[in-house]
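Computation of the quantities below employed the complete heavy-atom set of this structure, encompassing side-chain atoms and omitting hydrogens, waters and symmetry-equivalent molecules.
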Amino acid sequence: MDGELLLAAVLGVPRARLLTLDDVGDDAAARFEALVEQRADRVPLQHLTGRAPFRFLELAVGPGVFVPRPETEQLVGWALDGLAGSSAPVVVDLGAGSGAIALSLAHEYPAARVTAVERDPGAIEWTRHNAAARAAAGDPAVEVLSGDMTDPGLLRELDGTVDLVVSNPPYVPDGARVPREVADHDPPLALWGGPDGLDVVRGLLVTAARLLRPGGRLGIEHADQQGSALPAVVRAHGAFDEVADHPDLAGRPRFTTARRR
Ligand SMILES: C[S@@+](CC[C@H](N)C(=O)[O-])C[C@H]1O[C@@H](n2cnc3c(N)ncnc32)[C@H](O)[C@@H]1O
C-alpha cells in the first residue's frame, strides 16, 4: 500500500491509475526508489507525500506537525452528530495541529463558527497554511489562535458561550514506547502528556468548563489504555455530566464525551 501510494505521488496520479500504466520512466523510478528507502527508514508516508487524508479533506503535513490519524475521524463524526440542527454553533478545537478536526468541522458543518487553538509555533504554521487553503477552496474561515489550552486567560471573551469543545490533546504517558515514525517525526508537544498522559487533559478540562455554555458538549480523544482513567478524571472535575466513553472502529476505547452541567 505504501509503495503504491509513493509511486502514485511520484507520478502525480491517483493510486488506481497505477493499474493502467505499462512503464515508469527512469527519473520517476529513481525518485520512487529514494522514497522507498526513506520509508524503510521509518519516515512517515505522509511526510514523504506531503499530504494526509482526513475525512473529506486532504491536509498538507510535514516535519513539525502531528500527522492526523484515522481514529480521530470518529471523534469528528460524534461532534457533527451533536451539532446537527443548531443554527450557528460556536466550536473550539484545542490543539489543532494540521487543523484536521477544526477544518473538517467547518467543511462538514459550514454554519459553525470554529476557532482552532495551537501552542506549538512550528505546528501553527501548518494550521494556518491548511486553514488558508480550505478558505481559498470555499470553506468558511476558521480562526487560528496561537495559545495554550491550559491558559486561564485563553478565549475569555467566549466564556460560557461555546457549544462544543473538541480536542485530540497530547496524551501519551511519558516514557511509553512508540513506533519510530512517531518518536522521530511527530512533534514532542503533540505526544507527551506527563506520567499518566493526562497532565494536559486536566488543564484542558478547566478551560472547557469555563468556555462551554450549560448543556455544551465536550469530546476528548485518548489512548486505548485510558478508557477508564479519562472518564474518571472528567467525572472528578465536577462540571460535567453524561460522561461516556466510545470505542474506535477497531473496538479500542478512543474518546470520552461529556456535557457541561
Ligand atoms: C495529538 S496532536 C493533535 C493534532 C490534531 N488536532 C489532530 O487531531 O491531528 C496535539 C496537538 O496539541 C498541541 N498542543 C499540545 N499542548 C498544547 C497546549 N497546552 N495548548 C495548545 N495546543 C497544545 C500540539 O502542538 C499538537 O499540535
Side-chain angles (χ1 to χ4, degrees), residues 46 50-62 64-149 154-170 190 204 207-208 210-213 215-221 246 248 254-255 257-260:
Q46 297 87 342
R51 314 294 300 172
F54 188 86
R55 292 185 66 93
F56 295 96
L57 306 182
E58 203 180 63
L59 300 157
V61 293
V65 73
F66 181 84
V67 173
R69 309 293 207 269
E71 299 90 283
T72 309
E73 294 179 331
Q74 269 170 280
L75 174 61
V76 174
W78 166 85
L80 288 164
D81 288 347
L83 293 180
S86 40
S87 52
V90 179
V91 175
V92 176
D93 172 13
L94 296 174
S98 64
I101 297 174
L103 298 175
S104 289
L105 289 171
H107 180 71
E108 296 182 55
Y109 205 88
R113 288 184 287 145
V114 182
T115 301
V117 177
E118 174 56 56
R119 173 184 167 187
D120 186 332
I124 201 170
E125 294 304 316
W126 294 93
T127 326
R128 291 202 173 104
H129 173 87
N130 283 318
R134 289 314 312 161
D139 282 354
V142 165
E143 187 189 353
V144 178
L145 182 68
S146 172
D148 183 337
M149 68 174 97
L154 181 77
L155 287 170
R156 273 275 169 207
E157 67 280 12
L158 294 184
D159 275 6
T161 67
V162 174
D163 298 283
L164 169 71
V165 170
V166 68
S167 181
N168 176 15
L204 180 172
T207 300
R210 174 171 59 75
L211 292 176
L212 286 167
R213 64 166 172 78
R217 302 271 165 183
L218 170 67
I220 308 173
E221 182 168 318
H246 308 257
D248 62 22
R254 185 55 61 208
F255 64 96
T257 59
R259 179 181 160 277
R260 180 74 169 96

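- Between Leu145 and Leu154 there is a side-chain heavy-atom pair separated by less than 4.5 Å.
- Nearest heavy atoms, Pro110 versus Pro140: O-CG, 3.4 Å.
- The pair Arg213-Asp163 meets the salt-bridge criterion, since a charged nitrogen lies less than 4.0 angstrom from a carboxylate oxygen.
- Between Glu221 and Arg254 the shortest side-chain heavy-atom distance falls below 4.5 Å.
- At least one donor-acceptor pair closer than 3.5 Å links the side chain of Asn130 to the backbone N or O of Ser98.
- Side chain of Arg55 to backbone of Glu73: a donor-acceptor contact under 3.5 angstrom is found.
- Here Gln74 contributes atom CD and Asp248 contributes atom CG; the two are 6.0 Å apart, rounded to the nearest 0.5 Å.
- Annotation: the span from Ile101 atom CD1 to Ser167 atom OG amounts to 6.5 Å, rounded to 0.5 Å.
- Considering only heavy atoms from C-beta on, Arg210 comes within 4.5 Å of Arg156 through its side chain.
- Put simply, the side chain of Asp93 does not reach to within 4.5 Å of the side chain of Thr115, judged on heavy atoms.
- One finds the CG atom of Leu204 at 6.5 Å from the CG atom of Leu218 (value rounded to the nearest 0.5 Å).
- With values rounded to the nearest 0.5 angstrom, Leu212 atom CG is found 7.5 Å from Leu164 atom CG.
- Pairing each heavy atom of Val65 with each of Gly97, the nearest pair is CG2-C, 3.6 Å.
- Counting heavy atoms from C-beta outward, Arg217 and Trp78 have side chains that approach closer than 4.5 Å.
- Applying the salt bridge (Lys or Arg N to Asp or Glu O under 4.0 Å) test to pairs two or more places apart or on separate chains, those with a residue in residues 132-142 are Arg134-Asp139.
- Residue Glu108 holds its CD atom at 7.0 Å from CG of Leu57, rounded to the nearest 0.5 Å.
- Taking each heavy atom of Arg51 and Val61 in turn, the nearest pair found is C-CG2, 4.0 Å.
- Closest approach of Phe54 and Ser104 over heavy atoms only: CD2-OG, 3.2 Å.
- By the 4.5 Å heavy-atom criterion applied to side chains, Phe66 and Pro170 are not counted as neighbours.
- The NE2 atom of His246 sits 9.0 Å away from atom CG of Leu75, with the distance rounded to the nearest 0.5 Å.
- The shortest distance between side-chain heavy atoms of Phe255 and Val166 does not fall below 4.5 Å.
- Using a 4.5 Å heavy-atom threshold, the side chains of Asp120 and Glu118 count as touching.
- Considering every non-hydrogen atom in both Val91 and Ala112, the closest pair reads CG2-CB, 4.1 Å.
- Heavy atoms only, all atoms of each residue included: Thr127 and Ala116 are closest at CG2-CB, 4.4 Å.
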